[in-house]
Amino acid sequence: MDNGAFGLILQQKPARVLLAVSREGGTYASVISREIESTFSHTTNILGKLEEQGIVMFEQDGSDNRVKRVELTQKGEDTAALVEELSAVLDGKKTGKKRAAGKKTKKAASRKDALDFGEKLEMIKARIELISVEELEGKKSISQDDYVRIGRRLGPYRRELRKIMESGGKRDVNKARGLDGEIEKVFGERERLRG
């Protein structure tokens with residue numbers, strides 16, 4: 001048994017990071033840190049350890065060498081499934097029966113993707129509204145630092161929306177486009193308030 005990986009995954013924060021990457025289907029460290037309410041540096045430290053264990057991998061996101069997506073490896077997907085199952089057993093939502101081998105059917109997988117996109121879109125909508133209120137509401141002008149911070153806070157959500165627009169169903173794509181339009185409105189207001 002690889003005690004390093006076993007000990008790492010059974011800790012709360014690494015398990016939460018693993019499950020967050022699994023739910024997001026590939027995401028960014030900044031999104032994960034917000035989701036699990038952890039600092040960015042602590043989250044990237046955990047992701048580095050998970051990468052050393054072959055559970056996650058980083059991939060370049062477009063031409064920007066600084067932005068990397070976090071994806072689960074096959075070992076990571078298997079581990080996340082077991083951690084989810086263990087969590088369900090411990091929460092009393094599932095008995096400890098042996099899980100059935102094999103992959104999900106395509107139909108079941110697409111239903112799960114649709115649910116995941118729906119949840120993700122609702123979360124993004126709430127975050128856009130929160131950022132707009134926190135950063136812009138009631139202000140007559142904003143500083144250059146405010147301007148940059150708003151872009152950094154909204155950037156990961158915009159990338160997630162683009163991912164949904166590329167691979168989601170028609171309803172999800174339309175909703176993602178609408179939310180991308182909301183981000184554009186926040187950016188327009190940000191531009192207007194920049195002194």
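The residues of the chain are indexed from 1 along the displayed sequence.
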Legend entry - Verdict with reasoning, Glu160 to Thr27, per side chain to side chain contact (heavy atoms under 4.5 Å, CB included): CA-CA 7 Å; Glu160 288 298 315; Thr27 188; 3.3 Å; yes
Hey, is [X] close enough to [Y] for a salt bridge, meaning N to O under 4.0 Å?
X	Y	value
Glu59	Lys68	no
Glu166	Lys163	no
Lys125	Glu122	no
Arg149	Asp146	yes
Glu191	Arg194	yes

Quick one: pull up [atom1] in [X] and [atom2] in [Y] and give me the separation to the nearest 0.5 Å.
X	Y	atom1	atom2	value
Leu161	Ile183	CG	CD1	5.0 Å
Arg190	Leu154	CZ	CG	8.0 Å
Leu72	Leu18	CG	CG	6.0 Å
Glu137	Glu189	CD	CD	10.5 Å
Ile32	Lys13	CD1	NZ	12.5 Å
Lys175	Asp180	NZ	CG	14.5 Å

Inset, instruction - Identify whether Val21 and Phe58 are in the same connected component of the hydrophobic contact network (ILVMFWY, side-chain heavy atoms under 4.5 Å). - result: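 Same hydrophobic cluster.
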Inset, instruction - State yes or no: do Met57 and Val70 share one hydrophobic cluster built from I, L, V, M, F, W and Y residues joined by side-chain heavy-atom distances below 4.5 Å, directly or via other members? - result: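 No, because Met57 and Val70 fall into different hydrophobic clusters, even though each may have its own neighbours under 4.5 Å.
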Inset, instruction - Answer yes or no: is there a donor N or O on one side and an acceptor on the other, between the side chain of Lys75 and the main chain of Gln53, under 3.5 Å? - result: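 Yes; judged by distance alone, with no hydrogens or angles, the pair exists.
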Inset, instruction - May I ask you to decide if Ile55's main-chain N or O and Thr73's side chain share a donor-acceptor pair within less than 3.5 Å? - result: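 Checking the backbone N and O of Ile55 against the side chain of Thr73, a donor-acceptor pair under 3.5 Å is found.
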For residues 127-134, dump all side-chain donor-acceptor pairs below 3.5 Å to protein atoms at least two apart in sequence or in another chain.
residue, atom, partner, partner atom, Å
Glu134, OE1, Arg153, NH1, 2.9
Glu134, OE1, Arg153, NH2, 2.6

Looking at every heavy atom in both [X] and [Y], which two are closest together, and how far apart are they?
X	Y	answer
Pro14	Leu50	O-CD1, 4.3 Å
Leu47	Val56	O-CG2, 3.6 Å
Thr44	Ala29	CG2-CB, 3.8 Å

Inset, instruction - Would you indicate whether the side-chain heavy atoms of Lys120 and Ile164 approach each other to under 4.5 Å? - result: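 Of all side-chain heavy-atom pairs linking Lys120 with Ile164, at least one is under 4.5 Å.
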Inset, instruction - Go through the side-chain N and O atoms of Tyr157 and Arg34 and say whether any donor and acceptor fall under 3.5 Å apart. - result: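 Result is yes, a qualifying pair exists.
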Inset, instruction - Take His42 and Ser33 through the test side chain to side chain contact (heavy atoms under 4.5 Å, CB included) and record every step on the way to the result. - result: CA-CA 8 Å; His42 186 57; Ser33 63; over 6 Å; no
Inset, instruction - Start with the C-alpha distance between Glu77 and Glu71, add both sets of side-chain angles, then the distance that settles side chain to side chain contact (heavy atoms under 4.5 Å, CB included), and finish with yes or no. - result: CA-CA 9 Å; Glu77 289 176 14; Glu71 303 273 349; over 6 Å; no
Legend entry - Distance under 6.0 Å and angle within 45° of ring axis: Arg69 vs Tyr28: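 Relative to the ring axis of Tyr28, which defines the angle, Arg69 lies inside both limits.
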Inset, instruction - List for me each residue that meets side chain to side chain contact (heavy atoms under 4.5 Å, CB included) alongside Arg177, sequence neighbours excluded, and say none if there are none. - result: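 In terms of side chain to side chain contact (heavy atoms under 4.5 Å, CB included), with neighbours along the sequence ignored, Arg177 is linked to Met165, Val173, Asn174.
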Inset, instruction - Tell me, yes or no, whether the heavy-atom count around Lys185 atom NZ, taken from other residues, nucleotides or ligands under 6.0 Å, exceeds 12. - result: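 It does not: Lys185 NZ has 12 such atoms or fewer within range.
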